[in-house]
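Inspection log for the structure reproduced underneath, given as structure tokens.
Within every chain, numbering begins at 1; the chains are lettered A, B, ... in the order of the sequence lines, protein sequences first and strands thereafter. Quantities reported herein were computed from a predicted structural model and do not represent experimental measurements.
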Protein chains: 4
Amino acid sequence: MKLGIIGAGRIGQVHARSVWQNPDTTLVAVSDPHIEAAQSVTARYGGTAVATAEEVINNPEVEAIVICSPTPFHAEQILAAAKANKPALCEKPIAMDSATVEQLYRELEGLNPRVMMGFNRRFDPSFAAAKQASDAGKLGKVEQVTIISRDPAAPPKEYIAVSGGIFKDMTIHDFDMARFLIGDIASVSAVGQNLDPDLADTGDFDGAVITMVNTEGASATVVNSRHCATGYDQRLEIFGTQGSVFCENVLPTTAHISTANHSRAQDTYLDFFLDRYAQAYALELAAFVSAARGERDFSPSIADGAAALRIAEAAETSARELRTVTL
Amino acid sequence: MKLGIIGAGRIGQVHARSVWQNPDTTLVAVSDPHIEAAQSVTARYGGTAVATAEEVINNPEVEAIVICSPTPFHAEQILAAAKANKPALCEKPIAMDSATVEQLYRELEGLNPRVMMGFNRRFDPSFAAAKQASDAGKLGKVEQVTIISRDPAAPPKEYIAVSGGIFKDMTIHDFDMARFLIGDIASVSAVGQNLDPDLADTGDFDGAVITMVNTEGASATVVNSRHCATGYDQRLEIFGTQGSVFCENVLPTTAHISTANHSRAQDTYLDFFLDRYAQAYALELAAFVSAARGERDFSPSIADGAAALRIAEAAETSARELRTVTL
Amino acid sequence: MKLGIIGAGRIGQVHARSVWQNPDTTLVAVSDPHIEAAQSVTARYGGTAVATAEEVINNPEVEAIVICSPTPFHAEQILAAAKANKPALCEKPIAMDSATVEQLYRELEGLNPRVMMGFNRRFDPSFAAAKQASDAGKLGKVEQVTIISRDPAAPPKEYIAVSGGIFKDMTIHDFDMARFLIGDIASVSAVGQNLDPDLADTGDFDGAVITMVNTEGASATVVNSRHCATGYDQRLEIFGTQGSVFCENVLPTTAHISTANHSRAQDTYLDFFLDRYAQAYALELAAFVSAARGERDFSPSIADGAAALRIAEAAETSARELRTVTL
Amino acid sequence: MKLGIIGAGRIGQVHARSVWQNPDTTLVAVSDPHIEAAQSVTARYGGTAVATAEEVINNPEVEAIVICSPTPFHAEQILAAAKANKPALCEKPIAMDSATVEQLYRELEGLNPRVMMGFNRRFDPSFAAAKQASDAGKLGKVEQVTIISRDPAAPPKEYIAVSGGIFKDMTIHDFDMARFLIGDIASVSAVGQNLDPDLADTGDFDGAVITMVNTEGASATVVNSRHCATGYDQRLEIFGTQGSVFCENVLPTTAHISTANHSRAQDTYLDFFLDRYAQAYALELAAFVSAARGERDFSPSIADGAAALRIAEAAETSARELRTVTL
């Protein structure tokens, strides 16, 4: 399948590499307003560099599109892809606010959008194995999910200022994971933290604890931090009536060192999201190609993207107003 | 040191055994309204069986008292011990409500109560090691604590009916642990769950997630369940700016089994609180004896018991009213 | 059951403590040529201090005997206990050489010796669980056992000089464990190491690797060292056609620390044999009492002690003569 | 760099894939007497399919050669590559016997062979990390290495018949690993096992325990089996005076499952050598390319291949003659 990528930033490069490594896909076009960025990607992974999204979407060779542009452009590019009748894999979040998503829904009426949202963590082999164990009934009825999700280090303050806030920018992945594991969320109780003095004037939280409850009373709790000294801290547990499954962090090696000071010390966690989720991105692309071929649903869907965004907005309200928000 | 125990129920027996095993202590009196229960304890561990708390408190041989009676009697027995000028180790919770504690404070005025609260988990070697690592600065500044606390199985409905509710009965230990690890709590956000159909008509929650924040913004989150298929699930993590410490569950052996189905499967968790916290109870008694000898503070104190109870009350309010409660 | 202990050294004190903690046993006599040593034990755990083994064995109150004297006295005291018709728990090894054991067998003819050998590791909960998994068929047919057995630090050179050598003194426990797990040994191939410059002039090995094969071809390999920086290193693995079981080291707490340098660093291993095998010693004594009451066999038996000693002698020959020794 | 591969069997395909995935390398020729096999590889990864090794070696486009033919052809192809003055990466073992290697050395005189042996495990990130910890002095002086090396399942009897025996075919990797970790080997003591009734008439061992000692007295012990129910069992430990490092098996996910039957059960080990050593093969190829560019030594070298083979021969003698063999 011949793919075009919109946006040659960090995440665009990730997908370009996945396209190159996947024997079923070829990169034919990459766009970026900074054409040099696009050229840098095509020099490495193939295809033609262009300046605009339109040139990718309307390129007759391009069979499917990966949207890696900044969030404010997602909705219009989803719409353009739908109008071009081409499947699209769109990075998270779907938009900066739910109003934009509702507008998008209206504009998509009558079209047949084939859109998959880039919630890559659903494709992580460990999290997917946990989900499978749960779906297979090995845990009984799911009652409580706990997600620890901490970035290795905070992004620049300039980034935070335009990020939409921690809930839309960072926790959005965890909100989707919560929905992946316990389904639709009925209420959200969030506690925000301002701990990092360097981020004090961003107005954004740099830590958070969010507890969601689904329509049947099962809970999902997320513990977030913008930093973690040991690396990229990504763990989760699903607890059910008959058992539980826990996913540990991913480490670069299996070596354990024991000395007179301690025993079995392991490596620090993989500290870059591309290393940590390398397999997840590759499997996500494969799933998208499979969906584009009609072999599976486009899942996670636009609706999943919209739902995660609504939870993010509810979490912000909850943390600011010190109350549980019902969805 | 010669000790007397008030109450020959399950927890009274625990302390009687600790007294017997501790080379520094001797059991001289045990009271229980069911004198046969007291006799059963003295037959095994020594001392005289009596019917009333007064006979223990006022026994001139008794140098220090362990209060293991039902919660409604705690305040009056703490007072009686103080009037007799004898140190007392009192089981949790200190009372059924904060009003009773305030009344107790008034009655203790002018006396010199030497009271230690039976928050045994502070003395668990693993949790104590975690606290020490934190106090030693190995974790940097503490930002987020996560406590997983699940009982192996729910108590009888009859017990739950008089227990004061999950927060006072079960989470009280976790509230104290939160304070042990991050200090005084400024606000509480609690989510209650009703998941077990067998407990539906108790009116009490059977699961809960509670997030506390201290005066400096650090959080402590507790995930509670009345049941856990794998045993007594007691884990915690302290996360700080420089590192984290995690305490795993305690297992009866170190054996790991690998087969064609899985690798490194370990034992289920110790599923009885006495096995799980056997060392903690012994170390708690040793600390009490040491405090009674003037070698250390009576810590955790009455104030700690009162603070945990206030958090429990705030959690109940938060979960019922769907709002954060400020303390 | 009323017990007498011969020998008030370190291991005698261990058993005295077990007697004191076991509600079924009482200490009535302790002997030691240094009567002060015996008195120190009786002052702590009860009973009468005497100077000679005879005074313990022939004390009419003493129902069963624990032999904790130096190895050269074991055979004669086993014989004396048998003549007095009293059950005996004898520390390892049974004698300094197999010739002495053969002489003992001749002298025991016509008597009914009830002797259990103090191979305490058979009673360690983890090793016992591994053995149970194996006996229960969970591993299929056992093919290869691997035992890592390292002391935290070498004993004084003076001790090594009279110890009988590493195989009789230290590996003897592992030889018994090998037999416990794969049964009678048909051949022994040993490699000795002289690595510690401080022990160079003892003439004894300070490290060794020994591979045994049983009559059906299953192997048991022991890796020994007189020292280990991380503590008392005691692990084993049983590998069978259907699976394997591995016993990790025992640690004082379950805490894991993660920092910017490493993740999940645990405590160093318990580094004192009494801490590491505290449960094993208590369970060993309970098993002995049970055997003395006719409720179970005296196992491990004199024959087990004799077999381990023969392997130790074969290992010494193998390591010195660079050849496999057939038993 | 443009590469040619000799041999399109399983291991040839592994290297072809590595060449394809490595951005620095291109596949230009693949040979196999079964030309269809070569064509199948070139169809997938590029290059021209030919029938003979000569057509690869003498192809002027080919800058470097990967020798993946059956072992009896290795020596002559190494020689041919040297005569063509092209660097070669040669699969293990270097030859079926040391006499052939000596003949090869004579024939290489006057030439400048640039040959790296395909001991891929040296490039495994975990084993390499263990080696680095050791080289960095974190373990003090190395005293004892333990290597557990078990295949998931035995190869067909027909393969075993022509394999040269377990030591040359399977343990050869472990012999190289032992040398990688403790250097040149002075003596070998091997115990062979015949445990699998299905392999009884092959005349080959199906299990083995080999203990090597280096010139300074440090030991390396290998435990081998042709089968392992849980998967490909590849672990090792380096023990030194100041600490130890242990490499666990590699698992497909980090998920742990806990139920009423057990806690923290993990996946079975990766059970295919290509999955287990995927990173090692890729890093090995990268190292070879780097050596071919003059940026590093060709290591492991022919001499390393020859040394491992000599140990294999010594192990066979030791196991057959029941004696330690000095090298």
Side-chain angles (χ1 to χ4, degrees), chain A residues 138-148 150 187-197 205-214 216-230 233 235 237 239-244 246 248 268-269 318-326, chain B residues 138-148 150 187-197 205-214 216-230 233 235 237 239-244 246 248 268-269 318-326:
Chain A
K138 291 186 186 175
L139 315 181
K141 191 166 166 50
V142 173
E143 298 194 335
Q144 296 175 324
V145 166
T146 316
I147 298 170
I148 306 294
R150 297 180 178 122
S187 69
V188 182
S189 307
V191 171
Q193 296 177 285
N194 295 98
L195 292 165
D196 187 342
F205 300 120
D206 52 40
V209 184
I210 310 102
T211 297
M212 292 155 270
V213 177
N214 75 5
E216 295 187 331
S219 65
T221 299
V222 175
V223 181
N224 273 162
S225 175
R226 283 287 194 185
H227 62 86
C228 176
T230 312
D233 192 5
R235 290 170 287 157
E237 181 179 69
F239 169 79
T241 50
Q242 304 300 323
S244 60
F246 189 85
E248 290 283 2
T268 52
Y269 321 142
S318 174
R320 298 289 173 196
E321 301 185 3
L322 305 179
R323 63 180 178 88
T324 297
V325 173
T326 306
Chain B
K138 293 185 184 175
L139 315 180
K141 190 166 164 52
V142 173
E143 298 193 336
Q144 296 175 323
V145 166
T146 315
I147 299 170
I148 307 292
R150 298 179 177 121
S187 70
V188 182
S189 307
V191 170
Q193 296 177 286
N194 295 97
L195 292 164
D196 186 342
F205 301 120
D206 52 41
V209 184
I210 309 102
T211 297
M212 293 155 268
V213 176
N214 75 5
E216 296 187 329
S219 66
T221 300
V222 175
V223 182
N224 274 162
S225 175
R226 282 288 195 186
H227 62 85
C228 176
T230 311
D233 192 5
R235 289 169 288 157
E237 182 178 67
F239 169 79
T241 50
Q242 304 301 323
S244 61
F246 189 83
E248 290 283 1
T268 52
Y269 322 141
S318 174
R320 299 290 172 196
E321 301 185 4
L322 304 179
R323 63 180 178 89
T324 297
V325 174
T326 306

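When heavy atoms are compared at a cutoff of 4.5 Å, B:S219 approaches chain A by way of both its backbone and its side chain. Looking at B:F246, the atoms closer than 4.5 Å to chain A (heavy atoms on both sides) all sit in the side chain, from C-beta outward. Looking at B:N224, only its backbone comes within 4.5 Å of chain A, counting heavy atoms on both sides. Neither the backbone nor the side chain of B:A319 comes within less than 4.5 Å of any heavy atom of chain A. With a 4.5 angstrom heavy-atom cutoff, B:S318 does not touch chain A via any of its atoms. Only the side chain of B:I148 comes within contact range of chain A, with at least one heavy atom under 4.5 Å from a heavy atom of that chain.
Shortest non-hydrogen contact noted between A:A229 and B:G243 is CB-N, 4.1 Å. Taking every heavy atom of both residues into account, B:A218 and A:L195 meet most closely at N-CD2, 4.1 Å. Listed here is the closest heavy atom pair of B:S225 and A:Q144: CB-OE1, 3.9 Å.
For the set B:E237, B:K141, B:Q193, the entry with the most heavy-atom pairs within less than 4.5 Å of chain A is B:Q193. Most heavy-atom pairs under 4.5 Å with chain B, from the set A:V325, A:L139, A:T221: that is A:T221. Of all the listed residues (A:V213, A:V209, A:T326), the one sharing the greatest number of non-hydrogen pairs under 4.5 Å with chain B is A:V209.
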(message) Checking A:R323 against B:E321 for the side chain to side chain contact (heavy atoms under 4.5 Å, CB included) test, could you report, in this order, the C-alpha distance in whole Å, the side-chain angles of both residues, the deciding distance, and whether it holds?
(response) CA-CA 9 Å; A:R323 63 180 178 88; B:E321 301 185 4; over 6 Å; no

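Within 6.0 Å of the CD atom in A:E216, the count of heavy atoms belonging to other residues, nucleotides or ligands does not exceed 12.
One finds no salt bridge joining A:E143 and B:R150 here, because no Lys/Arg side-chain nitrogen approaches an Asp/Glu carboxylate oxygen to under 4.0 Å.
In this structure the side chain of B:H227 reaches within 4.5 angstrom of the side chain of A:T241, judged on heavy atoms.
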